[in-house]
Visitor: 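What follows is a structure written as structure tokens; I'll ask about it next.
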Amino acid sequence: MLKQNLQFKLSQKLSPQQIQLMKLIQLPTQAFEQRLKQEIEENPALDSGKEEPISEFDDNFDNTADDYNDDSETINSEDINVDEYLSDDEIPDYRTQANNYSSDDEEKTMPYAAGTSFTQHLISQLNTFRLTDEERDIAEFLVGSVDESGYIRRSTPDIMDDLAFTQNVYTTEETINKVFRTVHQLDPAGVGARDLQECLSIQLHRKEKFADIVLATQIIDDAFDQFTKKHYQKLMQKFDVSEDQLKDAIEEIERLNPKPGGSYSGNNRIVEHVVPDFAIRIVDGELELTLNGRNAPELHVSREYNDMLKGYKDTKDKSRSQKDAVSFIKQKLDAAKWFIEAIKQRQQTLFVTMSAIMHYQKEYFLTGDERNLKPMILKDIADDINMDVSTVSRVANSKYVDTPYGTKLIKEFFSESMKNDQGEDVSTREIKMILGTVIDQEDKRKPLTDENLASILKEKGYPIARRTVAKYREQLDVPVARLRKQL
């Protein structure tokens with residue numbers, strides 16, 4: 001028996017231009033500047049900066065997706081109407097301008113840390129040790145394996161294999177471990193350790209042998225597991241010390257640097273400075289939103305390309321090479337106009353989205369009190385501005401706003417809602433803030449369990465389950481009660 005089925009499938013396919021626009025919207029200010037620079041370098045028909053007005057193509061220009069993507073188009077003399085690209089209007093139509101951003105001139109280059117790299121800093125120290133050629137090769141390989149935290153997270157057998165295959169150095173585990181001891185003498189103290197225990201031990205062994213340091217060294221070397229689990233009674237019994245002595249030793253351990261690589265400032269890594277994409281100010285009791293001026297560049301078509309089109313129009317006998325050149329110019333002008341329009345759309349999307357967020361959270365932005373943050377999800381804003389949720393997400397996930405209360409990541413204003421004991425919707429962010437306050441104020445000698453925390457929150461009007469408390473505690477990066485215990 002034959003069965004005949006009819007299926008309808010509805011699919012939506014984004015054009016390359018739409019995909020590029022989504023990518024532009026997602027970019028924060030600094031990344032957007034890099035993308036803008038790249039486009040100007042790759043498209044000679046696109047210029048930036050303030051220039052004298054030039055004649056440009058007018059609004060009758062046909063910029064359909066099919067036209068833009070047709071790279072195989074052949075050019076005949078009647079195929080190109082140059083007048084569509086030229087205009088008698090002396091004022092450029094296609095400039096991206098906005099009157100809602102600051103005009104201040106900001107430094108537009110990424111700052112770098114000065115000095116030598118971390119690896120070079122370590123290698124230079126090796127010159128102070130007497131090493132054989134083999135040991136120096138191994139030492140330089142180990143130093144090159146140090147990660148940004150200052151650790152070498154490789155096993156000795158793996159290092160031995162890598163030395164053989166990549167450096168043509170055939171050695172033994174004993175020799176590698178010997179060189180490790182040399183690397184562990186380098187500064188900063190703890191660099192080259194294979195795990196946290198070894199890192200702390202290296203630092204303690206370099207200190208003067210006061211009683212507190214001796215006990216701290218014994219704890220790290222001989223009872224690290226009990227120390228990490230905060231089994232203080234077992235530690236006092238094991239080392240036959242008083243609570244005060246143990247407390248002093250633990251304070252010494254807490255002064256150590258768990259990431260020695262992070263303390264070196266001359267690592268030549270890019271210094272990440274947050275550049276706010278928006279600014280919110282309170283003017284006469286009302287909120288005022290501005291878009292960072294670096295997101296609104298002035299763009300126009302190259303004067304040279306404009307003159308080339310004029311020359312082609314005025315030429316009576318059009319050669320094949322001229323026609324090919326105009327074909328190239330046409331493609332570049334298409335791309336230039338699309339990019340300029342995309343920049344305009346990006347500006348509008350950013351401003352409209354942030355404006356909706358600002359008004360939704362008006363009470364918070366006027367007061368700075370996080371308890372005034374309303375429950376807000378992406379769909380709330382998407383529905384308000386009639387845009388897709390994914391578009392709002394692209395704006396919120398990577399953009400910062402400068403407020404009177406500091407620079408904030410926009411996505412932090414979003415949170416789910418829960419009902420309090422009055423049946424009112426409250427932000428989960430508010431609950432987390434109260435949870436964090438309760439934990440901060442607890443007796444650290446007897447930290448509150450998740451069950452205790454749930455009971456306290458219930459008394460405050462937030463009836464949530466213990467497992468929900470555990471989830472929020474983990475999101476706050478707060479360990480369980482046992483690990484919060486202090487002497």
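Heavy-atom basis, side chains included; hydrogens, waters and symmetry copies ignored.
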Visitor: Can you confirm whether D240 is buried at CG, in the sense that more than 12 heavy atoms of other residues, nucleotides or ligands lie under 6.0 Å from that atom?
Guide: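 Not more than 12 within 6.0 Å, no.
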
Visitor: Taking atom types as modelled, is there a side-chain donor on T217 or D221 under 3.5 Å from an acceptor on the other?
Guide: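 Judged by distance alone, the side chains do not pair up.
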
Visitor: Judged by atom type as modelled, is there a donor-acceptor pair below 3.5 Å linking the side chain of T349 to the main-chain atoms of Q345?
Guide: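 Looks like yes, one N/O pair under 3.5 Å.
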
Visitor: R473 and P479: which non-hydrogen atoms are nearest, and at how many Å?
Guide: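 Scanning both residues, the minimum pair turns out to be NH1-C, 3.4 Å.
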
Visitor: Would you say that T290 contacts F351 through its side chain, given a criterion of any heavy-atom pair below 4.5 Å between the two side chains?
Guide: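 The answer is no, as the side chains (C-beta and beyond) never meet within the 4.5 Å cut-off.
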
Visitor: How are the rings of F365 and F413 set to each other: parallel, tilted or perpendicular (split at 30° and 60°)?
Guide: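 Aromatic pair F365/F413 classed perpendicular.
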
Visitor: Got a sec: does the NZ of K379 have more than 12 other heavy atoms crowding it under 6.0 Å?
Guide: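 No, because the 6.0 Å sphere around NZ of K379 holds 12 heavy atoms or fewer from other groups.
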
Visitor: Is it the case that the side chains of E42 and Q38 hold a donor-acceptor pair, with the cut-off being a distance below 3.5 Å and no angle test?
Guide: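 The answer is yes; a qualifying pair exists.
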
Visitor: Donor-acceptor check, side chain of N177 to backbone of E173, threshold 3.5 angstrom: yes or no?
Guide: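 Such a contact is found between N177 side chain and E173 backbone.
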
Visitor: From the options Q226, H231, Q233, select the one residue that forms a side-chain contact (heavy atoms from CB on, under 4.5 Å) with K238.
Guide: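 Among Q226, H231, Q233, the one meeting side-chain contact (heavy atoms from CB on, under 4.5 Å) with K238 is Q226.
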
Visitor: Backbone N or O of R394 within a donor-acceptor pair of the S398 side chain at under 3.5 Å?
Guide: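 Between the backbone of R394 and the side chain of S398 there is a qualifying donor-acceptor contact (under 3.5 Å).
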
Visitor: Within the distance-only criterion (no hydrogens, no angle test), does the side chain of Y364 pair as donor or acceptor with the backbone N or O of M358 below 3.5 angstrom?
Guide: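 Checking the backbone N and O of M358 against the side chain of Y364, no donor-acceptor pair under 3.5 Å is found.
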
Visitor: Within the side chain of D384, is there an N or O that forms a donor-acceptor pair under 3.5 Å with the backbone of D380?
Guide: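 Checking the backbone N and O of D380 against the side chain of D384, no donor-acceptor pair under 3.5 Å is found.
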
Visitor: Looking at E451 and R467, does any basic side-chain N land under 4.0 Å from a carboxylate oxygen?
Guide: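 Salt bridge: no.
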
Visitor: Answer yes if the side chains of T29 and N292 hold a donor-acceptor pair under 3.5 Å, and no otherwise.
Guide: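 Looking only at side-chain atoms, N292 and T29 do not form any donor-acceptor pair under 3.5 Å.
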
Visitor: Less than 4.0 Å between a side-chain N and a carboxylate O, is that true for R294 and D277?
Guide: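 Answer for the salt bridge query: no.
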
Visitor: Does R136 pair with E140 as a salt bridge, N-O distance under 4.0 Å?
Guide: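 A salt bridge is present here (some side-chain N lies under 4.0 Å from a carboxylate O).
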
Visitor: For K374, is there an ion pair with E363 - N to carboxylate O distance below 4.0 angstrom?
Guide: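 Between K374 and E363 there is no salt bridge, as every charged N stays at least 4.0 Å from the carboxylate O atoms.
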
Visitor: Is it true that K259 and D147 have a side-chain N and a carboxylate O under 4.0 angstrom from each other?
Guide: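 Here K259 does not pair with D147 in a salt bridge, since their nearest N and O are not under 4.0 Å apart.
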
Visitor: Report yes or no: does E39 contribute a side-chain atom to a donor-acceptor pair with the main-chain N or O of F339 at less than 3.5 Å?
Guide: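 Such a contact is absent between E39 side chain and F339 backbone.
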
Visitor: Going by distance alone, is a donor N or O of one side chain under 3.5 Å from an acceptor N or O of the other, for T449 and N452?
Guide: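 N452 and T449 do have a side-chain donor-acceptor pair below 3.5 Å.
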
Visitor: Output, in order, the C-alpha distance, side-chain angles, deciding distance and verdict of side-chain contact (heavy atoms from CB on, under 4.5 Å) for F414 and I381.
Guide: CA-CA 10 Å; F414 290 84; I381 301 302; 3.9 Å; yes

Visitor: Might you confirm whether atom CD of Q348 has over 12 heavy atoms from other residues, nucleotides or ligands at distances under 6.0 Å?
Guide: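 No, the 6.0 Å shell around CD holds no more than 12 heavy atoms from other groups.
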
Visitor: Minimum heavy-atom separation for G192 and V183, please, with both atom names.
Guide: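 That would be CA-CG1, 4.2 Å.
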
Visitor: Just checking K207: does its NZ atom have more than 12 heavy atoms from other residues, nucleotides or ligands closer to it than 6.0 angstrom?
Guide: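 Counting other residues, nucleotides and ligands, NZ of K207 stays at 12 neighbours or fewer.
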
Visitor: When you measure from the side chain of D137 to the backbone N and O of E134, does any donor-acceptor pair fall under 3.5 Å?
Guide: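 No, because the side chain of D137 does not come within donor-acceptor range (under 3.5 Å) of the backbone of E134.
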
Visitor: Does this structure show an ion pair linking E243 with K247, if we count only N-O contacts that are shorter than 4.0 Å?
Guide: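 No salt bridge links E243 with K247.
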
Visitor: So, for T403 and R281, which heavy atoms are closest and what is the spacing to 0.1 Å?
Guide: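 For T403 versus R281, the nearest heavy atoms are C-NH1, 3.9 Å.
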
Visitor: Looking at Y151, I'd like to know if the NZ or CZ of R194 sits under 6.0 Å from its six-membered ring centre while staying within 45 degrees of the ring's axis.
Guide: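 Verdict for Y151: no cation-pi partner in R194.
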
Visitor: Has the side chain of Q203 got a donor or acceptor atom that lies under 3.5 Å from a matching backbone atom of N257?
Guide: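 Answer holds: yes.
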
Visitor: Look at E442 together with K444 and state whether they make a salt bridge at an N to O cut-off of under 4.0 Å.
Guide: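 Answer for the salt bridge query: yes.
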
Visitor: For the side chain of S145 and the backbone of F141, is there at least one donor-acceptor N/O pair under 3.5 Å apart?
Guide: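 Pair found, side chain donor or acceptor close to backbone of F141.
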
Visitor: Heavy-atom count check: over 12 atoms from other residues, nucleotides or ligands less than 6.0 Å from D443 CG?
Guide: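 Atom CG in D443 is crowded, with more than 12 foreign heavy atoms closer than 6.0 Å.
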
Visitor: Run the salt-bridge test on K408 and D402 with the 4.0 Å N-O cut-off and return the result as yes or no.
Guide: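 Salt bridge between K408 and D402, a charged N being under 4.0 Å from a carboxylate O: no.
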
Visitor: Checking T175 against T172: is there a side-chain donor and acceptor pair closer than 3.5 Å?
Guide: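 Result is yes, a qualifying pair exists.
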
Visitor: Charged N to carboxylate O below 4.0 Å: is that the case for R255 and E252?
Guide: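 The answer is yes: the pair qualifies as a salt bridge.
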
Visitor: Working note: K23 + L27, criterion side-chain contact (heavy atoms from CB on, under 4.5 Å); need CA distance, chi angles, decisive distance, verdict.
Guide: CA-CA 7 Å; K23 290 181 178 179; L27 294 176; 5.8 Å; no

Visitor: So, the side chain of T353 versus the backbone of L350: is there a donor-acceptor pair under 3.5 Å, distance only?
Guide: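 Between the backbone of L350 and the side chain of T353 there is no qualifying donor-acceptor contact (under 3.5 Å).
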
